[in-house]
Structure formats: C-alpha cells, structure tokens
2 protein chains.
Amino acid sequence: MRKVASLAGVSVATVSRFLNGTARVSDAKRTTLENVIGRLNFKPNMLAQGLKMGSSRTIGVLTPPLGSDYRNDMLNGIDQAMSAAGYAPLIVSGHRHADDEVERIELLIARRVDGLVILTDKLPDQQILGFSARVPIVAFGRELNGANAFGFGLDNYQAACELAEYLICLGHRSIAFIAGPGQADAAARLAGYLDTLARHGIDADPGLIVPGDWTEAGGVLAVSRLLESGRRFSAIFAANDLAAYGARLALYRRSIRVPEDISIVGFDDLHSSMYATPPLTTVHQPLCEAGRRIGEALLMLIDGKPCRIDIPPMHLVVRESVRRI
Amino acid sequence: MRKVASLAGVSVATVSRFLNGTARVSDAKRTTLENVIGRLNFKPNMLAQGLKMGSSRTIGVLTPPLGSDYRNDMLNGIDQAMSAAGYAPLIVSGHRHADDEVERIELLIARRVDGLVILTDKLPDQQILGFSARVPIVAFGRELNGANAFGFGLDNYQAACELAEYLICLGHRSIAFIAGPGQADAAARLAGYLDTLARHGIDADPGLIVPGDWTEAGGVLAVSRLLESGRRFSAIFAANDLAAYGARLALYRRSIRVPEDISIVGFDDLHSSMYATPPLTTVHQPLCEAGRRIGEALLMLIDGKPCRIDIPPMHLVVRESVRRI
DNA sequence: TTGAAAGCGCTACCAA
DNA sequence: TTGGTAGCGCTTTCAA
C-alpha cells in the first residue's frame with residue numbers, strides 16, 4: 001500500500017480512504033489511484049485489515065465429516081448467503097468426539113472468525129451457549145435461544161407424521177421402522193411414526209422397530225433382521241434415505257419386489273432418491289434453503305441485531321415406492 | 001498477550017517464546033505462564049500471527065458448486081492432509097464462468113492463503129500458471145508442471161479401457177455410450193471406449209454414442225433417445241454414475257430389466273452405487289486418496305520443495321449390473 | 001481534502 | 001534466559 005501511495009504521490013491514508021470510500025477523495029487523485037492500483041494489481045491484505053478492524057470477514061462452519069451429500073446442500077446455502085455479504089466460510093469437519101470438536105472451535109476462534117455455524121450434534125447445548133459469549137453462533141438441529149446464539153431445526157416430527165399418515169391412508173397397518181441412533185432428529189421421527197399409528201388406533205409392534213445407523217449398511221442389516229424374525233409387514237419406514245436404499249437392496253437380494261410386495265419410504269430426499277429404482281417416496285428437507293437461513297441469521301447476529309427466522313417447512317414427496325393395499 | 005505478560009510478570013517477548021517454543025524459558029516463568037494462560041483461556045490471535053509471519057496457515061480450495069457427492073470425498077482427503085499440518089481450508093465454490101472464478105481466486109489471494117487447490121475445470125491452464133507466480137497451486141484434473149504449480153488427474157483413459165474390455169469379454173458387442181460434455185475427463189473416457197472397441201475389431205456405431213451432461217436427467221434423456229432411435233444394444237456405458245442412474249430409471253420405466261435385458265456400467269463409484277438396484281458395476285475413483293495426495297503436494301510446494309506424487313490408480317469394481325451374453 | 005501518526009496483536013532481532 | 005522494540009499492512013483519529 002505504501003508503494004501505491006508513493007507512486008501516486010499521496011499518503012497511505014488517502015489510499016485507504018479511496019479503497020474504502022470512507023471519505024471524499026479529489027477527482028485528480030482518484031484517477032491516479034485507479035491507475036496505479038490497476039497497474040500494480042494491488043489487493044489490500046485482508047489479514048491486516050482484519051487485525052485492524054477486529055473482524056476477519058470469515059465464519060467458521062463445524063460440520064460432520066464431509067462426504068455424505070446430505071449436508072452439502074446446506075453448506076451450499078450457507079455459502080450463498082455469506083459470500084453475498086463478503087464472508088468466506090472456513091469449513092472444518094468435526095470428528096469422533098465432543099472434545100475434538102471443542103478443539104476445532106477453539107481453533108476457529110483463534111482465527112478470529114466473526115461467527116460460527118454448528119451443524120454437528122455431539123456438543124451439548126450448554127457448551128455452545130458458553131462459546132457464544134465469545135462469538136455469535138447459529139446451530140442447526142437443536143432449539144437454542146441465547147443472547148448471542150440461535151438454534152433451530154426442521155420439524156421432523158410433523159414430517160414423520162405426514163409420512164406415516166400417508167402410509168396408513170394407503171392401507172398399510174404393519175409398518176416396520178428403521179430407526180436412527182439416539183439424536184434429537186431420530187427421536188422426533190420415531191415419535192411421529194408412533195403417534196400417528198396410535199392416532200389411528202394401530203398397535204405398534206415393538207418387534208417391527210429395528211435400529212439403524214443412518215447408513216445403507218444399517219438398512220440392509222435392519223431388513224435382514226426383520227425378515228429373519230418372521231414378522232409380517234407391508235411397508236418399511238426408514239428414518240433416512242440412506243437406510244431406505246439399504247432396505248431396498250436387502251429386499252432385492254431376496255427377490256422381494258418394491259412396491260408390489262413391500263413398500264418403502266425414506267426421509268431426506270437425497271438427489272439420488274428421485275432416480276432410485278423405484279423412485280423413492282420420501283420427505284423433502286429444504287436443506288439448501290435452511291442453509292441460506294442459517295447464513296442470514298448469523299449475519300444478523302454478527303451485526304448485533306436479534307435474529308428471527310422462519311423455518312422452511314418439509315414436505316412429503318410422493319414417488320413410486322409405495323403401493324395401496 | 002500484553003495482559004498475560006503483565007499478569008505473569010514477564011515481557012510479551014517471553015510469552016511469545018513460550019507459546020512457540022522458540023527459545024528456552026526458565027521453569028519458573030514457564031509454570032507461571034501456563035497458569036495465567038490457562039486462567040485467561042488465552043489464544044493467540046492468528047490474524048496477527050499471520051500478518052507478522054506472512055502466512056495465514058490457510059489454503060484456498062476452489063471447487064465446483066458443492067452438492068454432488070462426487071468431489072466431497074476429495075475435499076475430505078484434502079482436509080485430512082491439511083488439518084494434520086495445522087492448515088484450514090477456505091472452500092469457495094466456483095460458479096458459472098471463468099471470470100467468476102478468477103475473482104474468487106483473487107479474493108483468496110487477498111486473504112493471503114498460503115496455497116491454492118483448484119478442482120474446477122473452467123480456467124485455462126495458462127491462467128493458473130499465471131496465478132502460481134503469486135501462490136503455490138495444485139490442480140486436479142489437468143496435467144500441469146510449473147515451478148510453483150502442479151496438476152494431475154486420474155487415468156480416465158486406462159480405466160475406461162478396462163471397463164469396455166470387461167463388457168466385451170462378457171460378450172457385449174453393441175455398447176451404447178452416454179458421453180459427458182467436452183472436458184478432458186469426458187474425452188478420455190470416450191477414447192477408452194472407442195479404442196477398446198477398435199482393438200477388438202468392433203465397429204463403433206456413431207448412433208450409439210449419445211450426449212449426456214453428467215446428470216441423472218441427462219442419462220434418462222440419452223436412453224430415451226437411444227430407445228426411440230430403434231437401434232439395438234445390449235449394454236450401456238455411462239460416462240459417470242449419475243448418468244448410469246438416469247439410464248437405469250429410463251429402462252425401469254419401460255420395464256426393461258437390468259441386467260437381464262440390458263447391462264449398465266457407470267464411472268466414479270459413488271457411494272450409492274453399491275446400493276443401487278442392481279448394484280452398479282463401475283470404476284472406482286480413489287477420490288479421498290487423491291485429495292490427500294493433493295494436500296501433501298501442496299504442503300511440499302508451500303515448503304518450497306519440488307513435489308512429486310504418484311497418482312493412485314482407479315480400478316474396476318464388478319457388481320451386478322452386467323450379465324454375460 | 002489531505003497527511004502524520006498511533007495502534008491492532010504478534011514475532012524476532014538486538015542488547016543486556 | 002530475558003526485555004525492549006521495530007515492524008507486518010492496514011484504518012482512523014487529529015490537525016492542518
């Protein structure tokens with residue numbers, strides 16, 4: 001910058017003012033500066049700016065290990081919202097343990113991120129609230145309402161009810177459920193299934209509820225167990241699409257047709273679900289949209305404004321993996 | 001830091017030395033410092049460190065818009081390599097145009113990233129070489145060999161040959177090909193298909209080569225066209241898994257069985273391919289591994305060492321979407 | 001409208 | 001082994 005200043009015959013202060021439009025600069029110096037800066041291809045050092053301004057124009061995003069296409073849509077949305085505001089996301093993936101994630105967050109704070117997005121579910125709410133004293137945080141998948149932190153989730157319960165309702169309307173009474181491991185989302189989905197059954201006066205058979213682990217392999221295993229148990233069921237409600245894929249494969253292996261013999265529904269609406277064989281009936285999670293909301297909420301928080309966001313709704317998307325019986 | 005220094009009764013210089021292990025610090029001050037730092041929960045400001053050291057310990061990664069699970073494995077690998085070395089990735093997604101990407105790169109440079117990874121293919125090699133004068137770059141999907149830049153790709157040609165070979169060995173002679181749009185990868189895959197056919201003395205029917213766009217929708221469309229053209233074929237070679245999914249759906253819609261009536265192979269080995277109906281025979285791209293290699297290469301370049309990396313091989317993974325005829 | 005100068009929080013050099 | 005101190009490249013008073 002000093003170089004620019006001397007070449008343009010002005011002070012560094014003027015250069016700065018020109019760059020940021022902080023104050024009027026005379027037209028003469030204005031054009032000279034434009035010239036010199038263009039010639040030198042000068043770009044202000046954002047590290048220095050950040051140091052001075054106390055803001056890195058960077059946010060941290062703590063995600064589950066990258067790779068499932070599930071949360072990538074959300075990252076996409078966050079990116080859209082933030083990059084429009086000149087922020088760049090530092091994406092770090094959480095790992096096995098909560099301790100590990102604490103460390104990643106400390107690192108992000110050391111980098112002086114202006115805000116934090118937490119997409120993982122290992123950390124207790126209390127700890128997040130604690131961090132929020134140091135940096136604004138918005139978290140996904142949990143209700144949170146601190147002064148400097150905000151958390152929300154999509155309405156899994158409602159969507160699960162809708163899905164179960166749909167199955168029941170089509171005549172299904174014996175519906176197996178492949179559960180996810182114990183997080184909030186998993187519980188809400190299971191509760192939606194259970195309550196809807198109850199509302200229709202159907203006794204849920206506990207033997208029809210089998211554990212999964214959100215993966216395809218878990219789905220395969222769950223269905224194998226179900227089949228071996230000898231229990232009868234006409235439909236499978238998988239707590240997520242991946243498990244539904246696994247379930248579908250387990251059925252295929254045994255030459256059980258979908259949906260003629262057994263119906264399947266998933267949850268998430270991954271991109272491939274539309275192209276599965278048969279296309280999977282599932283619940284669409286507006287992840288990209290949610291990501292955008294997260295970004296906007298964080299921007300508000302960073303600005304010191306209270307944030308209020310309306311949660312985008314999920315909706316049932318009917319395709320071809322369920323038949324009326 | 002000044003606070004820590006005064007509370008510990010030492011100079012900031014000593015604090016710095018203690019923090020970085022730059023010089024021996026007496027045991028007495030050592031323990032005092034540990035204490036004070038722990039009590040204050042002090043974390044050095046990496047922005048200031050970066051400004052001083054001329055290194056942000058951050059790298060930039062320019063990727064295609066996030067969301068396809070295809071390159072996420074690679075991001076994962078990059079993250080593994082870099083975070084082990086204390087670097088964090090600033091992931092920005094390229095957009096529609098090359099101009100756009102240039103701008104993103106300029107932004108990354110303004111943030112003083114220590115290195116750059118380029119995963120997109122819109123930018124001409126020449127331009128990348130240009131940027132490499134300012135920052136070390138490793139690019140994926142193109143051959144590059146500058147002083148400060150390195151680029152490599154997986155051997156698409158070889159893998160495509162292997163795949164075509166496999167089909168031919170199983171008796172297929174009329175093999176349709178769903179192409180990708182004109183990038184290097186697409187060309188290599190097509191060439192592998194064509195050359196292998198030729199090597200076996202099979203005349204490739206140009207009418208059997210239809211354009212796709214790397215998406216499922218493109219695959220659906222391609223197969224529809226193929227079918228409408230009235231041409232006969234026993235197998236479909238899709239230039240990527242997504243197109244294979246689309247092809248599979250188009251067949252399903254017409255009650256054409258896979259692999260009994262028509263065989264399909266894909267390319268990429270996405271996670272879901274293992275769970276497709278039927279599980280898809282395809283070529284596995286060691287993307288995560290490649291990402292790790294990219295990270296290591298970049299680390300070398302950042303260190304000013306020349307980088308030499310061996311490219312992980314792709315391999316055929318035989319599943320159930322092809323039958324012998 | 002402009003320039004001089006005081007830091008932002010750190011590291012590393014020079015002396016002690 | 002320590003402390004003092006000069007910057008890293010910028011923004012922003014305060015005066016002119």
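Order of the sequence lines sets the chain letters (A, B, ...), proteins ahead of strands, with each chain counted from 1.
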Tell me whether the side-chain N/O atoms of [X] come closer than 4.0 Å to OP1 or OP2 in [N].
| X | N | value |
| --- | --- | --- |
| K29(B) | dT1(D) | no |
| N45(A) | dC8(D) | no |
| R2(A) | dC8(D) | yes |
| Q49(A) | dT11(D) | yes |
| T14(A) | dG3(C) | yes |
| S26(B) | dT2(D) | yes |

Checklist line | Candidates dG4(D), dT12(D), dT1(D) - which lies nearest the side chain of A13(A) | finding: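 Of the options given, the side chain of A13(A) lies nearest dT12(D).
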Next item on the list: Please lay out, stage by stage, how I105(B) and I118(B) fare under the test side-chain contact (heavy atoms from CB on, under 4.5 Å).
Entry: CA-CA 9 Å; I105(B) 292 181; I118(B) 296 184; 3.9 Å; yes
Checklist line | Side-chain donor/acceptor contact of K52(B) with base of dG9(C) under 3.5 Å | finding: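 Absent.
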Checklist line | Donor-acceptor pair present, R17(A) side chain and dG3(C) base, under 3.5 Å | finding: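 Answer is yes: a donor-acceptor pair is held.
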Next item on the list: Could you check how far CZ of F18(B) sits from C1' of dA12(C), rounded to whole Å?
Entry: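 Going from F18(B) (CZ) to dA12(C) (C1'), I get 18 Å.
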Item checked: Residue pair M46(B) / S56(B), side-chain heavy-atom distance below 4.5 Å ->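 No, too far: nothing below the 4.5 Å cut-off.
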